[in-house]
Amino acid sequence: MVEQTFKRCTLKELRIERDDYVLDIYVPTRKVSEDSILFVNMIERYTEKEVTLAANEIERTDELILIQARIEKRQYEQLMSDNTFWDVYIISEQENDVDTEEDSDSEAPKITKFRVKSNQQYLELLYTHQKEIGKLWIPYATNKQNLSFKIKEPHIIARVEDAILDKNGILTLKGFAIDPLEKDVMLEKNLVLQDANHEFEKKYPVQTVERPDLAEQYGDGGKTYNFAGFTVQVNVIDLIERIDDKIRIKAYIEMPINGVPVLSSRLKYVIHHKPYAAQRYIKKVNQQKKRISLARTKKAKYLRLTVDDYSLIRSAKSLVRRKLIGFKKSKQIKKTYKLAFKIIGTLPAKKNVVMFESFLGKQYSDNPRAIYEYMKEHHPEFKLYWSIDKRFIHNFEGKDLIYINRFSIKWLFAMARARYWVTNSRMPLWIPKPKHTIYLQTWHGTPLKKLAADMDEVHMPGTTTSKYKRNFLKEASNWDYLISPNAYSTEIFRRAFQFEKEMLETGYPRNDVLYNENKKETIEAFKVKYGLPLDKKVILYAPTWRDNQFYGKGRYKFDLALDLTMLKERLGDEYIIVLRMHYLVAENFDLTPYTGFAYDFSNHEDIRELYLVADLLITDYSSVFFDYANLKRPMIFFVYDIDDYRDNLRGFYFDFEENAPGPLVKTTEQVIEEIRKLESNGFTLSETFNAFYNKFCYLESGHSSQKVVDRVFRGRKDI
């Protein structure tokens, strides 16, 4: 037993023995009782599925218990059918003492769970490859240094271990990079530097260095790493001569995989020496002072080179701003802010004040906008305010409305004393709803995909299935009114949100405009306003997001499976296509090759205008088709991944494939075929569409906003 002590359960060593993984883990004696039984559990991060491993006690002292567990080859191979993440925990099970029959309900053992920290440097190098399914089983340490395993497609494993930027602007990097499928072959490697927008890229050949130290520590399973090391130098002054403004440069290693150049993931910077400090120099380049900074990102530990124009005054302001942001984000400030909200919430309500918010303060849109515009026109006795995320202030400027920055001091007083809240998405859980506040939840769609308590599994980053449901239902318990567009939605909302208060079955206020403004002159005015041609038909492509495709918490990605090149070649003379991506998707699409044919309206403030100008909707599982159906125009469902989406991600409330109000297709070629069919029959709608319209759109008439306002703000019960 080593003499050092640990405050947490910590991995001593992970190794491979006869293709099995052996884990030696230190458990602090004080964390468990003397009669506890210890297990090692692997828990899948998003589904919470568990694999329990027997743990054998190897040694025990007053300070530490050393246990050993084994992940057999057959066990992890059974888990490798999908790309998943498995987190490692110590489970302590302690039997409860039961003295009387009255205590019989307490016989269940007391279970305590502890996360396992990693104390080993390059766990990724202990990967195994399952050739039959083409996947890697990779141990790794998370950003918080917790032990986990991930199942991934084969990819380059690379790290920077030493990074030096000298005063002459010479950057020297040392590290290693391997192709897990070609461990012992000398492959040509390049260092690739790119900016965040991929507008800038430079490549530098690297020198190969043998790494016997890696083989000694991580050579289990015959891995030698003879050609894993690299070193490279970059003259940063030459690199930045053409840079006019600030640029953040990311680093990658490029290697040929099966003869094709492939980039590694962004290079992480592993620090062996402490204390760590960023390296910064001020250099004069082309008569302009430039600040060159070499650092690693705070959370993910990526290597980052930053170059920007230098000003002493601007630098001082930036330093003060960073200190203030850090102060505002501290836990103590959050607690103080929450307490202040509670105290202010005890003051008398401002009975005519209404706070509106749409999609977390990012948009002036959707049901809250429709209700706001109706109240502004018909009920001037109310004071109407918008809660906004200041990063999206451009969506609210010039709209003749009053907005308040979310989480500012002014917002704190306005929210805590407002009589009414109107929003279409959840409020942060930490916000305590005052007793005097009436909370109108408008929601933002007719449910096709399973919601909240109805979801079997949650694949979103930063949460688990049980935590997601618990937080969702806790927030939903604050709602006083919930808008429903039809009886079908009412039944689902009641169950999925466990909502027991008043349901407003009125139709959606946001759809009023589809009845009141569906006029030729209005549509042409929108086209002129947004620079769309008047002589071509408009296709609106509005897909949803995928829960399991993400960069990180709250940052989802989307792969554009629709072939715009084919669409432009085959339809470009008669049509244009407008892209409207879900607000959670973080992509910025480069549509330069499709100028005049494809238009990105993903950041457009309100999709209602796009509905009106569109002659045809292409979507997938997005609830937009329920709204678009109000216009009685054709729809095509591009569902290239329907099997995975239906069976593995969210599941559907009804037989979507049988009852969708339009054809389902899986390829761009089939999309084009369906458009040609529509042309041949004069865009006539099917009987399936009419049945769909009668079930889901029967409440819509252009008066939903009025009905909601009459009930919530005027107290009428005869809506």
Side-chain angles (χ1 to χ4, degrees), residues 444-449 485-486 488-489 507-508 510-511 513-515 518 523 532 536-545 558 560-564 567 570-571 574-582 598-599 601-602 604 606-642 645-646 652-698 700:
H444 50 263
T446 300
L448 167 65
K449 301 160 289 188
N486 44 55
Y488 157 87
S489 300
Y508 272 148
R510 69 187 186 190
N511 291 333
V513 70
L514 304 183
Y515 290 86
N518 188 11
I523 294 169
L532 301 177
K536 292 184 179 181
K537 287 186 172 63
V538 177
I539 300 169
L540 173 61
Y541 180 44
T544 191
W545 54 298
F558 183 85
L560 190 62
L562 199 63
D563 188 338
L564 294 182
L567 287 173
R570 304 271 290 276
L571 301 175
E574 308 161 68
Y575 294 85
I576 62 168
I577 186 167
V578 170
L579 305 183
R580 168 70 178 205
M581 301 302 162
H582 193 280
Y599 300 79
F601 276 68
S602 297
H604 190 67
D606 201 330
I607 198 172
R608 299 180 303 175
E609 295 173 345
L610 305 183
Y611 289 153
L612 287 169
V613 302
D615 299 281
L616 165 68
L617 172 69
I618 300 177
T619 186
D620 45 19
Y621 326 106
S622 171
S623 64
V624 298
F625 70 86
F626 290 100
D627 296 331
Y628 190 76
N630 285 283
L631 293 170
K632 295 187 176 182
R633 299 177 191 173
M635 294 178 269
I636 297 172
F637 294 85
F638 183 48
V639 288
Y640 56 91
D641 59 348
I642 188 168
Y645 199 96
R646 176 194 59 225
F652 300 138
Y653 279 116
F654 64 86
D655 191 337
F656 175 62
E657 292 158 270
E658 182 70 25
N659 298 301
L664 275 61
V665 299
K666 292 188 175 182
T667 67
T668 303
E669 182 71 41
Q670 291 173 335
V671 169
I672 296 170
E673 289 176 6
E674 292 298 334
I675 292 175
R676 294 307 186 197
K677 287 180 185 178
L678 285 169
E679 291 174 342
S680 66
N681 68 15
F683 280 65
T684 302
L685 300 172
S686 65
E687 291 183 7
T688 304
F689 182 96
N690 293 327
F692 179 90
Y693 181 92
N694 292 333
K695 180 175 182 179
F696 296 104
C697 304
Y698 67 94
E700 310 284 8

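Start at 1 with the first residue, then count along the sequence.
Taking Tyr599 as the reference, nothing meets the side chain to side chain donor-acceptor pair (under 3.5 Å) condition, with sequence neighbours excluded. Residues forming a salt bridge (Lys or Arg N to Asp or Glu O under 4.0 Å) with Glu679 (at least two apart in sequence, or on another chain): Arg676. Every residue was checked against the side chain to side chain donor-acceptor pair (under 3.5 Å) condition with Tyr488, not counting sequence neighbours, and none meets it. Every residue two or more places apart in sequence or in another chain was checked for a salt bridge (Lys or Arg N to Asp or Glu O under 4.0 Å) with Lys695, and none qualifies. For Pro663, the side-chain contact (heavy atoms from CB on, under 4.5 Å) test picks out Ile636, Glu674, with sequence neighbours left out. For Arg608, the side-chain contact (heavy atoms from CB on, under 4.5 Å) test picks out Arg369, Ala370, Glu373, Arg510, Val513, Asp606, with sequence neighbours left out. The ring pair (Phe, Tyr, Trp, His ring centres under 6.0 Å) search around Phe692 returns Phe625, Phe626, Phe696, not counting sequence neighbours. Residues satisfying the side-chain contact (heavy atoms from CB on, under 4.5 Å) test with Thr667, not counting sequence neighbours, are Glu669, Gln670. Remark: Asn690 pairs with no residue by the side-chain contact (heavy atoms from CB on, under 4.5 Å) rule, at least two apart or across chains. Looking at residues two or more places apart in sequence or on another chain, you find no salt bridge (Lys or Arg N to Asp or Glu O under 4.0 Å) involving Lys632. Listed by chain and number, the residues in a salt bridge (Lys or Arg N to Asp or Glu O under 4.0 Å) with Glu700 amount to none (sequence neighbours excluded).
Asn630 and Leu514 make their closest contact through CB-CD1, 4.1 Å (heavy atoms, listed as atom of the first residue, atom of the second, distance). Closest approach of Tyr640 to Lys666, counting heavy atoms only: CB-O, 3.6 Å. The heavy-atom pair separating Pro661 from Phe637 by the smallest distance is CD-CZ, 3.7 Å. Taking each heavy atom of Thr668 and Phe638 in turn, the nearest pair found is N-CE1, 4.0 Å. Across Leu616 and Tyr628, no two heavy atoms sit closer than the pair N-OH, 3.3 Å. The heavy-atom pair separating Thr619 from Ala542 by the smallest distance is OG1-O, 2.7 Å.
Between the CZ atom of Arg570 and the CD1 atom of Ile672 there is a distance of 4.0 Å, given to the nearest 0.5 Å. For the atom pair Leu631 CG and Asn511 CG, the distance stands at 8.5 Å (nearest 0.5 Å). In this structure, CG in Leu579 is found 8.0 Å from CG in Leu562, a value given to the nearest 0.5 Å. Note that OG of Ser489 is 10.5 Å distant from CG of Leu448, once rounded to the nearest 0.5 Å.
Between Asp615 and Tyr575, the closest side-chain pair of non-hydrogen atoms is not below 4.5 Å. Using a 4.5 Å cut-off on side-chain heavy atoms (C-beta onward), Leu571 and Ile539 make contact. The closest side-chain heavy-atom distance from Met635 to Phe689 is below 4.5 Å.
In this structure, Arg633 contributes its side chain and Phe683 its backbone to no donor-acceptor pair below 3.5 Å. Judged by distance alone, with hydrogens and angles left aside, the side-chain atoms of Arg580 form no donor-acceptor pair with the main-chain N or O of Leu540 at under 3.5 Å.
Counting non-hydrogen atoms of other residues, nucleotides and ligands closer than 6.0 Å to NZ of Lys536 gives a total above 12.
Remark: of the listed residues Val613, Ile607, Leu532, Leu532 is the sole one forming a side chain to side chain contact (heavy atoms under 4.5 Å, CB included) with Phe601.
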Decide yes or no on side chain to side chain contact (heavy atoms under 4.5 Å, CB included) for Ile675 and Lys537, but give the supporting numbers first. CA-CA 11 Å; Ile675 292 175; Lys537 287 186 172 63; over 6 Å; no
